[in-house]
Amino acid sequence: TYSVRPSGYYDTPTDYVNLLDAIINWFFYFIVLISIIMLLWAAYTYLTAGDDEEKIKRAKSIIIYAVIALVVAIVSSGIPLLIKTFLLGP
């Protein structure tokens, strides 16, 4: 007889790693999109600042945070490979 598994049932480490991979991929693209929006906002703030040092300082701060977000997204995209290596071997 055949046993039918419900959809979305996880029973092997590979299933869990694939789920984690999908979640982190979604997270990666979301963070990249937010970072691009932040960079555009910082560029707009910087270009419209004129001689206002406070706006220039705020724009530079936004750029730094956007770059940090991109670095976090890139590092997090490597996590599934690391977990696959530990759980499933090379």
Side-chain angles (χ1 to χ4, degrees):
T1 67
Y2 292 104
S3 72
V4 178
R5 292 189 322 180
S7 176
Y9 184 75
Y10 300 103
D11 61 351
T12 65
T14 305
D15 293 336
Y16 288 107
V17 170
N18 289 338
L19 174 65
L20 181 65
D21 192 29
I23 291 170
I24 290 179
N25 279 335
W26 181 87
F27 175 76
F28 174 77
Y29 290 117
F30 178 74
I31 295 298
V32 168
L33 177 67
I34 296 299
S35 297
I36 290 170
I37 291 170
M38 287 175 62
L39 286 171
L40 290 173
W41 179 253
Y44 174 78
T45 303
Y46 188 80
L47 290 174
T48 59
D51 291 334
D52 188 357
E53 289 296 322
E54 187 62 35
K55 281 188 176 182
I56 292 172
K57 187 177 176 182
R58 187 170 32 148
K60 288 180 181 180
S61 174
I62 293 171
I63 290 170
I64 289 170
Y65 288 129
V67 170
I68 290 171
L70 283 173
V71 169
V72 167
I74 290 169
V75 169
S76 71
S77 67
I79 291 174
L81 177 63
L82 185 64
I83 292 174
K84 282 180 190 177
T85 303
F86 283 129
L87 291 179
L88 308 174

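As a basis for the values below, the full set of heavy atoms in this structure was taken, side chains included, without hydrogen atoms, waters or symmetry mates.
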Is the closest side-chain heavy-atom distance between Phe86 and Leu82 below 4.5 Å?
->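 Yes, side chains in contact.
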
Out of curiosity, does Ile34 fall in the hydrophobic cluster containing Phe27 (side-chain heavy atoms, cut-off under 4.5 Å, transitive links)?
->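 Yes; tracing contacts between hydrophobic side chains, which count when under 4.5 Å, links both residues.
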
May I ask whether Val71 and Leu33 are part of the same hydrophobic cluster, defined by side-chain heavy atoms of I, L, V, M, F, W, Y residues being less than 4.5 angstrom apart, directly or through others?
->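 No, because Val71 and Leu33 fall into different hydrophobic clusters, even though each may have its own neighbours under 4.5 Å.
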
Quick one: OG on Ser77 to CD1 on Ile24, what's the gap to the nearest 0.5 Å?
->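 The CD1 atom of Ile24 is 8.5 Å from OG of Ser77, to the nearest 0.5 Å.
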
For residues 60-67, tabulate all N or O donor-acceptor pairs below 3.5 Å that involve a side-chain atom, not counting sequence neighbours.
none

Quick one: which of Ile74, Ile37, Leu70 gives a side chain to side chain contact (heavy atoms under 4.5 Å, CB included) with Val32?
->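 It is Leu70; the other options fail the test.
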
Expected list for residues 45-55: side-chain donor-acceptor pairs under 3.5 angstrom, two or more places apart:
{"residue": "Thr45", "atom": "OG1", "partner": "Trp41", "partner atom": "O", "Å": "2.8"}
{"residue": "Thr48", "atom": "OG1", "partner": "Tyr44", "partner atom": "O", "Å": "2.8"}
{"residue": "Thr48", "atom": "OG1", "partner": "Thr45", "partner atom": "O", "Å": "3.4"}
{"residue": "Asp52", "atom": "OD1", "partner": "Glu54", "partner atom": "N", "Å": "3.2"}

Might you point out which heavy atoms bring Ser76 and Ala73 nearest each other, and give the distance in Å?
->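 Closest heavy-atom pair between Ser76 and Ala73: OG-O, 2.9 Å.
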
